[in-house]
Student: 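Attaching a single structure in structure tokens format; questions to follow.
Note that ligands are numbered from 1 as they come in the structure, with each ligand's atoms numbered from 1 the same way.
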Amino acid sequence: MFHELGSCGYGQAMSNPPSPTLLSHFQAQLGPRGYTSDPRDLEPWLTDWRGRVHGRAAALLSPATVEEVQAIVRAAAEAGVALVPQGGNSSMVAGAVPPADGTALLLSLRRMRAIRSISGEDNVAIVEAGVILSDLHDAAEAAGRRFPLSLAAKGTATIGGLVSTNAGGTQVLRFGTMRALLLGIEAVLPSGEIFDGLTALRKDNRGYDLRQLLCGAEGTLGVVTAASLRLVPAIGSRTVAWVGVDEAPSALALLRRLEARLGEAIESFEIVPAAGVDLVLRHIEGTRAPLASTHRWNVLIEATAPQGAPAPDLETALAEAIEAGLVADATIAASEAQAEALWKLRETMSEAERIDGVAAKHDVVVPVSLMPELLEKGSERVEARFPGVRVLAFGHLGDGNVHFNVRAPEGADDRAWLAADGPAVSAFVHDLVGEMGGSLSAEHGIGQTKRAEFARTASPARLHALTAIKRALDPLGIMNPGKLIP
Ligand code: MLT
Ligand code: ZN
């Protein structure tokens with residue numbers, strides 16, 4: 001039974017709370033390794049990474065095979081009970097936190113962590129949903145290949161979650177988001193059917209692309225149990241630089257200049273403002289300033305070459321950029337340890353911000369050409385409209401996506417500020433980005449925390465299509481309720 005939200009008629013089905021009989025059934029079916037209702041076991045999985053959204057669940061189900069997932073989905077569908085698929089629970093938008101009413105069951109894919117195969121000839125890895133991203137990196141490397149998607153949460157995020165959220169990260173400039181690396185998918189649909197689409201095919205034109213429909217669906221259309229993923233040649237050498245620039249337009253001009261000179265070698269181009277570097281240096285142990293002086297903007301650049309190919313000459317290209325007045329200062333890592341230290345400055349940005357306090361967080365994307373305008377004029381507009389707030393925009397300049405976060409005025413009670421002003425700040429930022437032809441979710445998805453803003457800003461055509469697909473595939477509304485669909 002669907003209930004309608006608002007006048008547009010978008011709606012979600014209501015699910016039932018799990019009965020003691022259903023819980024006993026799961027307990028018997030899954031055994032002690034696959035079932036727990038102990039609050040101490042459940043506790044770490046009921047809150048999002050940022051500690052802002054809390055849910056409840058009567059049990060945590062941890063199947064070890066796709067057949068077990070299928071049996072769970074069938075029993076849940078029969079009882080009309082909702083399931084919340086979960087991987088590493090590192091969602092930035094509370095996409096894997098169960099609803100607060102406790103009616104849904106947590107369905108962890110973390111025990112499904114087999115790398116079923118790696119083929120160097122096909123350049124394909126077939127990987128189960130619970131495999132942690134850094135484990136896939138290691139396995140691909142051991143096979144002389146590389147899985148190029150990477151992000152700060154690589155030690156926790158799982159393949160199922162990365163596929164379900166169409167994750168991005170720091171290498172999108174060159175390799176695209178998860179969609180571009182996804183060749184096939186295995187999933188249990190809300191009907192209980194297994195969609196066995198684990199193909200290694202580079203082309204497959206049989207109509208609607210279920211693989212891409214499930215990718216980015218945030219678990220609302222089924223449970224991803226495995227994926228076949230594209231591998232690329234292993235890295236032969238990488239050159240990592242940290243560059244100080246004084247104006248955002250210079251950063252974009254630098255990217256285009258480096259691409260013209262070094263082409264595809266440039267795979268990361270990440271921007272961090274001076275205030276961001278300052279936060280990292282203050283909160284993250286073992287970090288130190290990479291440049292002698294402070295610059296308004298800092299860019300981390302990674303250029304790579306495949307094995308056997310000469311290392312990209314980033315040094316000469318940067319020297320020319322300094323000459324041309326685009327770059328104020330630069331340093332190039334002289335060792336892997338130094339390269340890691342530079343990456344640490346960028347990858348711990350989010351963690352440093354979290355330690356510092358809460359912020360109104362926005363994961364926005366605009367056409368790359370408008371990045372400088374968003375970073376500079378956009379920040380000015382937000383700070384003028386909400387006096388005292390501090391914009392902290394950092395991220396993936398190369399693909400037009402920055403985390404345009406807004407912090408409370410200095411000295412304010414940041415939680416109280418967020419509760420009072422956060423919604424207006426977010427609406428202002430999202431409208432600004434909308435005016436620029438952008439989107440309010442670049443790589444984090446909609447989850448719970450962006451749902452209201454998504455509903456407010458999306459066109460009726462988008463919302464109708466989304467809701468129609470949801471209703472067609474999940475008529476009982478048992479898949480990840482409260483996420484994505486308004
Ligand atoms: C990042 O780029 O560091 C992540 O997407 C995390 C964040 O947005 O905070
Ligand atoms: Zn990011």
Side-chain angles (χ1 to χ4, degrees), residues 48-53 87-96 133-134 148-158 161-162 164-179 216 218 242 267-273 275-277 279-280 283-284 287 297-302 340 342-366 368 371 374-375 390-407 414 418 422 426 429-430 433 438-450 453:
D48 71 315
W49 181 79
R50 287 183 176 146
R52 283 176 47 191
V53 182
N89 196 24
S90 51
S91 168
M92 293 283 174
V93 288
L133 179 57
S134 55
L149 188 144
S150 189
L151 36 72
K154 54 183 173 281
T156 358
T158 60
L162 294 163
S164 297
T165 56
N166 181 27
T170 51
Q171 260 49 31
V172 171
L173 175 63
R174 164 109 171 258
F175 297 103
T177 63
M178 181 55 103
R179 281 193 199 289
E218 303 187 20
W242 189 274
E267 59 176 71
S268 299
F269 199 89
E270 300 280 311
I271 193 155
V272 180
V277 178
L279 277 190
V280 170
H283 295 300
I284 308 293
T287 52
W297 299 103
N298 299 264
V299 181
L300 183 148
I301 303 162
E302 178 164 294
E340 283 301 320
L342 294 180
W343 266 112
K344 187 171 176 180
L345 290 170
R346 163 62 187 95
E347 288 194 322
T348 55
M349 185 60 259
S350 209
E351 175 65 8
E353 192 188 37
R354 182 174 77 147
I355 295 169
D356 201 66
V358 301
K361 310 267 267 177
H362 311 103
D363 167 40
V364 301
V365 55
V366 296
V368 182
M371 252 298 96
L374 176 67
L375 290 171
R390 296 157 298 161
V391 172
L392 185 75
F394 65 93
H396 321 289
L397 182 138
D399 62 37
N401 167 208
V402 284
H403 305 299
F404 194 95
N405 301 334
V406 182
R407 296 188 295 152
D414 52 4
L418 189 67
S426 293
V429 170
H430 293 152
V433 165
S439 159
L440 57 71
S441 178
E443 60 174 7
H444 293 170
I446 301 297
Q448 298 188 57
T449 60
K450 302 282 180 249
E453 277 293 274

Student: Just jot down the salt bridge (charged side-chain N to carboxylate O under 4.0 Å, His left out) partners of R50, sequence neighbours excluded, or say none.
Tutor: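 In terms of salt bridge (charged side-chain N to carboxylate O under 4.0 Å, His left out), with neighbours along the sequence ignored, R50 is linked to no residue.
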Student: Assess whether side chain to side chain contact (heavy atoms under 4.5 Å, CB included) is satisfied between L392 and M349, documenting all intermediate values.
Tutor: CA-CA 10 Å; L392 185 75; M349 185 60 259; 3.8 Å; yes
Student: For the CD atom of E267 and the CD atom of Q171, what is their distance to the nearest 0.5 Å?
Tutor: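 Here the rounded value is 4.5 Å.
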Student: So, at under 2.8 Å, which protein N, O or S atoms would a careful student list around the Zn ion (ligand 2)?
Tutor: H396 NE2, H403 NE2, E443 OE2
Student: Do we get R354 above W49's six-membered ring, with its NZ or CZ under 6.0 Å from the centre and within 45° of the axis?
Tutor: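 Output yes; distance and angle both within limits.
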Student: Taking NZ, NE, NH1 and NH2 as the nitrogens, is one of them in D356 or R407 under 4.0 Å from a carboxylate oxygen of the other?
Tutor: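 Result for this pair is yes, salt bridge flagged.
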Student: How far does CD of E347 sit from CD1 of I284, to the nearest 0.5 angstrom?
Tutor: 11.5 Å
Student: Output the distance between atom CG (D399) and atom OG1 (T170), rounded to the nearest 0.5 Å.
Tutor: 10.0 Å
Student: Is the side chain of E218 donor-acceptor paired with the backbone N or O of G95 at a distance under 3.5 Å, no angle test?
Tutor: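 Here the side-chain-to-backbone pair does not exist.
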Student: What are the distances between nitrogen or oxygen atoms of ligand 1 and protein nitrogen or oxygen atoms, counting only those under 3.5 Å?
Tutor:
unit_1	atom_1	unit_2	atom_2	d
ligand 1	2 (O)	R346	NH2	2.7
ligand 1	2 (O)	H396	NE2	3.1
ligand 1	2 (O)	H403	NE2	3.0
ligand 1	3 (O)	R346	NH1	3.1
ligand 1	3 (O)	R346	NH2	3.3
ligand 1	5 (O)	H403	NE2	3.0
ligand 1	5 (O)	E443	OE2	3.0
ligand 1	5 (O)	H444	NE2	2.8
ligand 1	8 (O)	H403	ND1	3.2
ligand 1	8 (O)	H403	NE2	3.4
ligand 1	8 (O)	H444	NE2	3.3
ligand 1	9 (O)	S350	OG	2.3

Student: Using the test ring pair (Phe, Tyr, Trp, His ring centres under 6.0 Å), find all partners of H403 that sit at least two apart in sequence or belong to another chain.
Tutor: F394, H396, H444
